[in-house]
Every structure is written in C-alpha cells, then in structure tokens.
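The structure under discussion appears below in the form of structure tokens.
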Amino acid sequence: MPQSRRYWLVKSEPTVFSIHDLAKSPKRTTGWDGVRNYQARNFMREMTVGDLVLFYHSNADPPAVVGVAEVVRPAYPDDTQFDRASHHYDPASTPAAPRWDMVDIKHRETFQAGVSLDRLRGEPKLKGMLLLRKGSRLSVQPVTESEWATVLKMAGAKTGT
DNA sequence: GCCAACGTTGGC
DNA sequence: GCCAACGTTGGC
C-alpha cells in the first residue's frame with residue numbers, strides 16, 4: 001500500500017518570492033532553497049513527490065495562504081550553502097557533508113482570493129494549526145488532512161484532497 | 001550543560 | 001520601525 005499523500009505549508013515573503021513568481025518560473029517549478037532551520041529542513045526531508053503544499057505569504061498585507069504547490073522532487077543538497085556569494089552561504093557546510101537540503105515545488109493553483117491570517121484565526125476548525133501558534137516561526141511545516149481540507153474550502157480552491 | 005548575547009522571523 | 005518569540009553560538 002502506497003504511503004498516502006501528506007500536506008505541508010511553506011512561507012515566503014512576496015517581495016522576495018511570491019506565488020506569482022512561482023507561477024512564472026520555468027515549468028512553474030522552483031527549488032525551495034535557503035531554508036536554514038533544522039526543523040524546517042527535517043520536514044523537507046520527509047516530503048515525497050506528490051505531496052501538496054500551501055503557499056503562504058508572510059510579511060505581507062495581509063499575511064495569507066495564497067495558493068497550492070506540489071512537491072516534484074524530494075530533498076537534495078541546497079547548492080546555495082556552498083556559494084560564497086550567496087546570502088545563504090554556510091561556511092560550516094561541505095559538499096561531502098551537506099547540511100542543508102531543498103526540494104522542488106511546482107505551482108498548482110493561485111487562489112482567486114487568498115485566505116488571510118485573520119480568517120484562519122477565526123476558523124474554529126483550525127484552532128490547533130501550527131501556523132497560528134503564538135511565536136511560531138517555522139518556514140516549512142506539516143498540515144493535517146483536516147486543516148488542508150478546511151483551508152482549501154475557505155479558499156474556494158479547485159485543488160482537492 | 002548552562003545561559004547570556006546575538007541574530008532572525010514575522011505580525012503589527 | 002518595534003518588539004516578542006524563538007534559534008543558534010560560544011564562553012565558561
């Protein structure tokens with residue numbers, strides 16, 4: 001029996017990389033590089049091809065879940081960690097023992113209207129959602145199947161479960 | 001192993 | 001721009 005699809009949420013500042021940037025990327029796909037947090041990295045390592053991802057705009061007005069992406073390549077070493085010129089350069093990491101990974105995600109849907117943080121907070125079914133926890137800063141995090149279904153319904157999404 | 005100092009995230 | 005919350009670093 002194949003392992004069932006899992007659900008995730010990734011954050012991005014739209015001024016840095018927005019859902020529209022993802023939609024315009026070659027093959028509507030991008031490498032999710034630059035993650036420099038162990039917990040977030042470990043979640044990326046758990047991702048498998050076909051997993052679905054909520055795309056969240058942080059530091060936005062308003063902060064909101066704005067669309068859906070799909071994992072199209074599982075975790076592999078993030079090249080920016082070896083690049084001295086990169087803002088994400090990590091001098092402690094070596095190609096022989098890479099510390100940071102990335103995955104590739106592909107654009108699936110941009111919601112007609114994003115689901116704002118306020119609306120998420122107002123939904124009782126999302127009470128336990130990691131994103132809504134005070135002080136939660138994880139940029140890659142798991143989403144339960146019921147949270148997934150709830151957010152997609154709120155968004156009037158075309159993507160199903 | 002403790003913890004102060006520092007850096008970052010992200011809502012407001 | 002502020003600042004609370006959190007993660008990491010490094011001296012001891």
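Order of the sequence lines sets the chain letters (A, B, ...), proteins ahead of strands, with each chain counted from 1.
- The base of B:dT8 is not paired with the side chain of A:Arg36 by any donor and acceptor separated by under 3.5 Å.
- The backbone N or O of A:Leu132 sits less than 3.5 Å from a side-chain atom of A:Arg121, completing a donor-acceptor pair.
- Nucleotides of DNA chain C nearest to A:Gly135 and A:Asn59 differ in position, and the one nearer the 5' end is that of A:Asn59.
- Formation of a donor-acceptor pair under 3.5 Å by the A:Asp90 side chain with backbone atoms of A:Gln81 is not found in this model.
- Rounded to a whole Å, the NE2 atom of A:His88 is 18 Å from the P atom of B:dG7.
- For A:Arg99, counting side-chain heavy atoms from C-beta on, the closest listed nucleotide (B:dG7, B:dG11, C:dT9) is C:dT9.
- Protein atom NE2 of A:His57 is 17 Å distant from nucleotide atom C1' of B:dT9, rounded to whole Å.
- A donor-acceptor distance shorter than 3.5 angstrom exists from the side chain of A:Arg36 to the backbone of A:His88, with no hydrogens or angles considered.
- The side chain of A:Lys11 places no N or O atom within less than 4.0 Å of a non-bridging phosphate oxygen (OP1 or OP2) of B:dT9.
- Rounded to whole angstrom, the span from the CD atom of A:Gln141 across to the C1' atom of B:dG10 amounts to 13 Å.
- Spacing between atom CG of A:Leu131 and atom P of B:dG10 amounts to 9 Å, rounded to whole angstrom units.
- The backbone N or O of A:Thr15 sits nowhere less than 3.5 Å from a side-chain atom of A:Glu13 that would complete a donor-acceptor pair.
- For the pair A:Gln39 CD and C:dA5 C1', the interatomic distance rounds to 14 Å; values are reported in whole Å.
- Distance A:Arg133 CZ to C:dC6 P: 9 Å, rounded to the nearest Å.
- Considering only side-chain N and O atoms, A:Tyr38 lies nowhere under 4.0 angstrom from the phosphate OP1 or OP2 of C:dC6.
- Heavy-atom nearest nucleotides on DNA chain B were determined for A:His87 and for A:Ser58, and the one closer to the 5' end corresponds to A:His87.
- Taking atom CG of A:Asp118 as the reference point, atom P of B:dC12 lies 7 Å away to the nearest angstrom.
- Distances shown here put a side-chain N or O of A:Lys134 below 4.0 Å from the OP1 or OP2 atom of C:dA5.
- Proximity of a side-chain donor or acceptor of A:His57 to a complementary backbone N or O of A:Ile19 within less than 3.5 Å is detected.
- In this structure, A:Asn37 atom CG and C:dC6 atom P are separated by 13 Å, rounded to whole Å.
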